[in-house]
Protein chains: 2
Amino acid sequence: MADTRRSGAETRERILAVAREHFARQGFDRTTIRAIASEAQIDPSMVMRYFGSKEELFTAAAAIDLALPDLTEIPRDEVGRTLVTHFVRMWDSDGTLMALLRRAASDPAAAEQMRSIFAAQVARAVAPVSPDPSQAPRRAALAASQLLGIALGRYVLVLPPIVDMDIDEIVAWVAPTIDRYLTAESAQPDQDPGRVGSS
Amino acid sequence: MADTRRSGAETRERILAVAREHFARQGFDRTTIRAIASEAQIDPSMVMRYFGSKEELFTAAAAIDLALPDLTEIPRDEVGRTLVTHFVRMWDSDGTLMALLRRAASDPAAAEQMRSIFAAQVARAVAPVSPDPSQAPRRAALAASQLLGIALGRYVLVLPPIVDMDIDEIVAWVAPTIDRYLTAESAQPDQDPGRVGSS
DNA sequence: TCAGTTGGCCAACACTTGTTGACCAAGCGA
DNA sequence: TCGCTTGGTCAACAAGTGTTGGCCAACTGA
């Protein structure tokens, strides 16, 4: 048959690809090694041999690099737009992050993984543009909450109004929010006569 | 022993209470009928007799009334504050909504349930304060995305900066966002010199 | 040629899960 | 007193899970 005796590293990659897709679509618990193996046209035991356990397979599949741009090289008033665009594009093209988010909903270990991604990548990338270093993590977390909220509504809950919006509309609405969280002087700029962002 | 032969409706309620707590903390898949029964000091088969199946038990446990206030009776510039406060209080006191959110992450049926709650309660409550009826669902969805993002960060991912904020701080930061989504004239008010909300 | 490595499959184990059906006993109305 | 409803337990079934170990066959290098 098509017993082409694939190259090992090759099958490993194929397993990983299928696993990412399954984890992204169904979450950790509802994804079975058997299903992954079946779709990768391979025996379940091979998955174990390559990755050791389902846990380790997930960890390998969920290695995430947000590839966030250097925000200091971007005009202040385009930070929000840049970030929103970046994330929506990322979600649309690669399900890995969504897989992790889904799992985090029911698995503390995955939540911990998200926390470390937040701390190591989001908070770090965002800190330089914060007006007050002590508040930087808080600002980053607020921005993350809005971005993740969009991801939740668009890809997990599939709320029609959010799904129907194209990227530009989402950016137009959400970017100002991100800008305010990251760079506004106080918490409630919209309630004072003063302007937001660059004075 | 303590075979007090409870009143039936009473045990039913106790099962429901335990179930809500388990679903909220661990999600649907990781919650077992056996664990619920055990904690309710009852036989697993009783759960089936009362609720038919695990699915139906969840449905019964996840019947949610957001108890949203009538926004038309509230000053325009306090809508955001009111909503944020309402939701955070609700999440803090009752895990039912979080249970549903958790399950929605991996179960399309639960996601559908969230959509119907959104449509029947959130979108409906929020529509009257929208300046343009055709955009009302979109505005409601954006507000929901931010609110759910906070829930995600605070209760599911347990992002430290969000957990550390007290209700007042969260309200101070997020309320303006909600206000803008619901009532701002255009999508990007922060980028124009004009003011937001009540002119 | 021949031994070792490598990619792969098969069958089974051990366990957990939701679910079912038989049986029991306390209370209650006639 | 008898029979029916009701709250309850127990033991098992059937299915699905991650995981393991044994075996096979192709390739590779000496």
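Predicted, not measured: the structure shown is a model, and the values here were computed from it. We name chains A, B, ... by the order of the sequence lines, and we start the count at 1 in each one.
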Identify which nucleotide among C:dG8, D:dG8, C:dT17 has an atom closest to any side-chain atom of B:Arg34, counting heavy atoms from C-beta outward. C:dT17
Testing the 3.5 Å rule here: is there a donor-acceptor pair between the side chains of A:Thr72 and A:Asp70? yes
Taking the minimum atom-to-atom distance to the side chain of B:Pro44, which one of C:dT19, C:dG8, C:dA12 wins? C:dT19
Could you give the CE-to-P distance, from B:Met46 to D:dC10, as a whole number of Å? 13 Å
Starting at CD1 of B:Ile15 and ending at C1' of D:dG8, how long is that distance when rounded to a whole Å? 11 Å
Partner of A:Thr31 under side-chain contact (heavy atoms from CB on, under 4.5 Å), picked from A:Arg103, A:Gln26, A:Arg102, is A:Gln26
Please tell me which of the listed nucleotides, C:dA22, C:dG8, D:dC10, lies nearest to the side chain of A:Thr11? C:dG8
Toward the 5' end of DNA chain D, which comes first, B:Asp43 or A:Gly52, by nearest nucleotide? B:Asp43
Can you tell me the distance, in whole Å, between the CZ atom of A:Arg49 and the P atom of C:dG7? 9 Å
Using whole Å, what does the distance between atom P of nucleotide D:dG16 and atom CG of A:Asp29 come to? 17 Å
Winner on side-chain proximity to B:Ile42, out of D:dT19, D:dT9, C:dT20, is D:dT9
Mind telling me whether A:Phe23 and A:Phe58 have parallel, tilted or perpendicular rings, with 30° and 60° as the class edges? perpendicular
I want to confirm an ordering. Mapping B:Tyr50 and A:Met48 to their closest nucleotides on DNA chain D, which one lands closer to the 5' end? B:Tyr50
Please report the distance, rounded to the nearest Å, between CZ in B:Phe23 and C1' in C:dG18. 12 Å
Within this structure, what is the CD1-to-C1' distance between A:Ile36 and D:dT19, rounded to whole angstrom? 14 Å
Report, as yes or no, whether the 6.0 Å neighbourhood of atom CD on A:Gln135 holds more than 12 heavy atoms from other residues, nucleotides or ligands. yes
Rounded interatomic separation in angstrom, taking CG from A:Leu57 and P from D:dG18: 10 Å
Residue-phosphate contact under 4.0 Å: B:Thr32 side-chain N/O, C:dT16 OP1/OP2: no
Rounded to the Å, how far apart are A:Gln26 CD and D:dT17 P? 11 Å
Taking 4.0 Å as the cut-off, does a side-chain nitrogen or oxygen of B:Ser45 come that near to OP1 or OP2 on C:dG21? no
Given D:dG8, D:dT19, C:dT19, the nucleotide with the shortest approach to the side chain of B:Lys54: C:dT19
If hydrophobic clusters are built from ILVMFWY residues whose side chains come within less than 4.5 Å, do B:Phe87 and B:Ile167 share one? yes
Side chain of A:Ile33 only, heavy atoms from C-beta on: which candidate in D:dT9, C:dG8, D:dT19 is closest? D:dT19
